[in-house]
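Below you will find the structure I want to go over with you.
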Amino acid sequence: MVYLIIVLVVFLVILALFSGSLYVVRQQSVAIIERFGRYHLTAVSGMHFRLPFGIDRIAARVQLRLLQSEIVVETKTQDNVFVTMNVATQYRVNENNVTDAYYKLMKPESQIKSYIEDALRSSVPKLTLDELFEKKDEIALEVQKQVAEEMSTYGYIIVKTLITKVEPDAEVKQSMNEINAAQRKRVAAQELAEADKIKIVTAAEAEAEKDRLHGVGIAEQRKAIVDGLADSIKELKGANVELTEEQIMSILLTNQYLDTLNNFADKEGNNTIFLPASPNGVEDIRSQILSALKAR
């Protein structure tokens with residue numbers, strides 16, 4: 001009975017030692033194993049065995065997944081404008097250099113931040129505020145190259161560096177907005193002036209065309225009147241009426257004068273036209289017309 005108890009105790013001790021010597025490393029991570037306080041090996045994902053009694057111990061578990069660090073850097077541009085820049089850096093541990101990543105660098109995120117601040121504060125002061133906005137991606141790429149070169153000696157790979165935001169001082173930002181608004185108003189005023197110019201030119205061209213057509217109409221009208229008078233003279237002569245040419249012209253001009261008065265009354269809205277009340281008055285009109293004709 002005592003023998004069985006001893007065997008059972010020994011079995012339980014061996015089982016406890018064996019189970020304590022087994023360890024699992026998760027996917028996308030590695031385990032740093034030290035033996036007697038010195039680096040022994042790097043265990044990849046899966047189940048592994050280590051020596052018990054503290055001979056082998058897991059010093060650290062290092063993530064191989066992509067990590068991101070976001071920092072805020074304040075610096076000054078060439079035109080003395082203070083800006084705040086938000087920078088996002090994506091980085092990961094080099095699988096082939098895990099020992100350097102663990103043993104050489106205590107706080108990688110702080111070190112990356114220091115390198116980025118140094119790189120930005122050496123490049124941004126060379127640019128104006130407008131150039132900074134225009135060359136934001138180029139600056140990010142240059143910073144990425146500098147930081148990647150420095151961090152590679154510590155077993156880290158800088159995958160991407162992004163400048164996600166450039167925020168100038170509040171007063172400068174307000175001034176930029178006012179300048180932009182003034183420029184847009186100036187462009188709008190120019191466009192409105194150009195539109196008014198087109199309207200004026202178009203209206204002037206239309207008025208000129210109207211006057212031209214009106215003149216053509218008057219000329220055509222006068223030509224028609226002259227042609228009508230000439231035809232009337234021919235008809236009176238052909239009717240064997242014993243009248244002189246001067247008398248015929250007098251009659252036609254008098255009729256034309258009376259027709260003109262009638263048209264004037266219709267177009268101008270006049271309801272009353274003053275005319276001579278006796279035949280002698282009509283003769284006076286005829287005489288005046290003939291006198292005007294001879295004077296010409």
Side-chain angles (χ1 to χ4, degrees), residues 28-29 60 62-198:
Q28 287 298 311
S29 64
V62 180
Q63 294 287 341
L64 298 180
R65 289 179 294 181
L66 188 67
L67 303 175
Q68 178 165 307
S69 173
E70 297 183 0
I71 63 173
V72 178
V73 180
E74 185 178 11
T75 184
K76 186 179 71 170
T77 61
Q78 188 181 41
D79 46 355
N80 296 323
V81 178
F82 283 91
V83 293
T84 301
M85 305 176 67
N86 291 23
V87 184
T89 302
Q90 298 173 349
Y91 65 97
R92 63 180 178 85
V93 174
N94 188 349
E95 298 178 4
N96 300 322
N97 203 4
V98 177
T99 55
D100 286 344
Y102 176 69
Y103 287 104
K104 286 186 177 182
L105 200 59
M106 179 66 71
K107 296 179 180 180
E109 188 171 340
S110 299
Q111 190 67 36
I112 291 173
K113 179 181 178 181
S114 299
Y115 282 133
I116 289 177
E117 288 178 348
D118 181 68
L120 286 176
R121 286 172 179 160
S122 63
S123 59
V124 172
K126 300 177 183 178
L127 304 173
T128 63
L129 182 61
D130 292 336
E131 292 174 342
L132 176 60
F133 279 101
E134 293 174 1
K135 300 180 179 180
K136 179 170 65 69
D137 295 336
E138 297 179 13
I139 296 172
L141 184 60
E142 183 64 26
V143 170
Q144 177 181 330
K145 290 180 179 179
Q146 294 183 26
V147 177
E149 183 178 354
E150 296 291 342
M151 293 300 295
S152 63
T153 59
Y154 299 105
Y156 283 88
I157 297 174
I158 304 299
V159 179
K160 191 71 175 178
T161 299
L162 302 171
I163 298 177
T164 58
K165 186 178 181 181
V166 178
E167 188 76 15
D169 184 76
E171 294 182 0
V172 176
K173 187 176 181 180
Q174 182 179 358
S175 299
M176 292 174 63
N177 291 333
E178 291 175 355
I179 292 172
N180 188 33
Q183 291 176 345
R184 291 181 181 275
K185 288 180 180 179
R186 183 167 65 249
V187 173
Q190 292 175 349
E191 293 294 333
L192 290 175
E194 187 67 23
D196 291 339
K197 176 183 176 182
I198 294 173

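Throughout, residue positions are numbered sequentially from 1 according to the sequence presented.
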What I want to check is whether the side chains of Asp79 and Thr77 have a donor and an acceptor closer together than 3.5 Å. yes
What is the minimum heavy-atom distance between Lys126 and Glu131, and which atoms define it? O-OE1, 4.4 Å
Please tabulate, one pair per line, all N/O donor-acceptor pairs under 3.5 Å involving side-chain atoms of residues 154-168, not counting sequence neighbours.
{"unit_1": "Thr164", "atom_1": "OG1", "unit_2": "Asn86", "atom_2": "O", "d": "3.1"}
{"unit_1": "Glu167", "atom_1": "OE2", "unit_2": "Lys173", "atom_2": "NZ", "d": "2.9"}

Interatomic distance, CD@Glu134 vs CG@Leu129, rounded to 0.5 Å, equals 10.0 Å
CD on Glu142 to NZ on Lys135, rounded to 0.5 Å: 12.0 Å
Other residues, nucleotides, ligands: >12 heavy atoms within 6.0 Å of Tyr103 OH: yes
Distance check, rounded to the nearest 0.5 Å: Met151 atom CE versus Asp100 atom CG? 11.5 Å
Using a cut-off of 6.0 Å, state whether more than 12 heavy atoms not belonging to Gln78 lie near its atom CD. yes
Residues Ser123 and Ala119: closest non-hydrogen pair is OG-O, 3.0 Å
Kindly compute the distance separating OG1 (Thr84) from CD (Glu74), expressed to the nearest 0.5 Å. 4.5 Å
Identify all side-chain donor-acceptor contacts of residues 105-117 below 3.5 Å with residues at least two apart in sequence or on another chain.
{"unit_1": "Gln111", "atom_1": "NE2", "unit_2": "Tyr115", "atom_2": "OH", "d": "3.3"}
{"unit_1": "Ser114", "atom_1": "OG", "unit_2": "Ser110", "atom_2": "O", "d": "3.0"}

For Lys76, does its backbone N or O pair with a side-chain atom of Arg121 as donor and acceptor, under 3.5 Å? no
side-chain contact (heavy atoms from CB on, under 4.5 Å) between Thr99 and Asn97: does it pass, once the steps are laid out? CA-CA 6 Å; Thr99 55; Asn97 203 4; 4.2 Å; yes
Heavy-atom pair with the smallest gap, counting every atom of Gln63 and Val93: O-CG2, 3.6 Å
May I ask you to test the Leu127-Ile139 pair for a side-chain heavy-atom distance under 4.5 Å? yes
Inter-residue atom distance Gln144.CD - Glu149.CD, 0.5 Å rounding: 12.5 Å
Quick one: does Ile71's side chain get under 4.5 Å of Thr89's, heavy atoms only? no
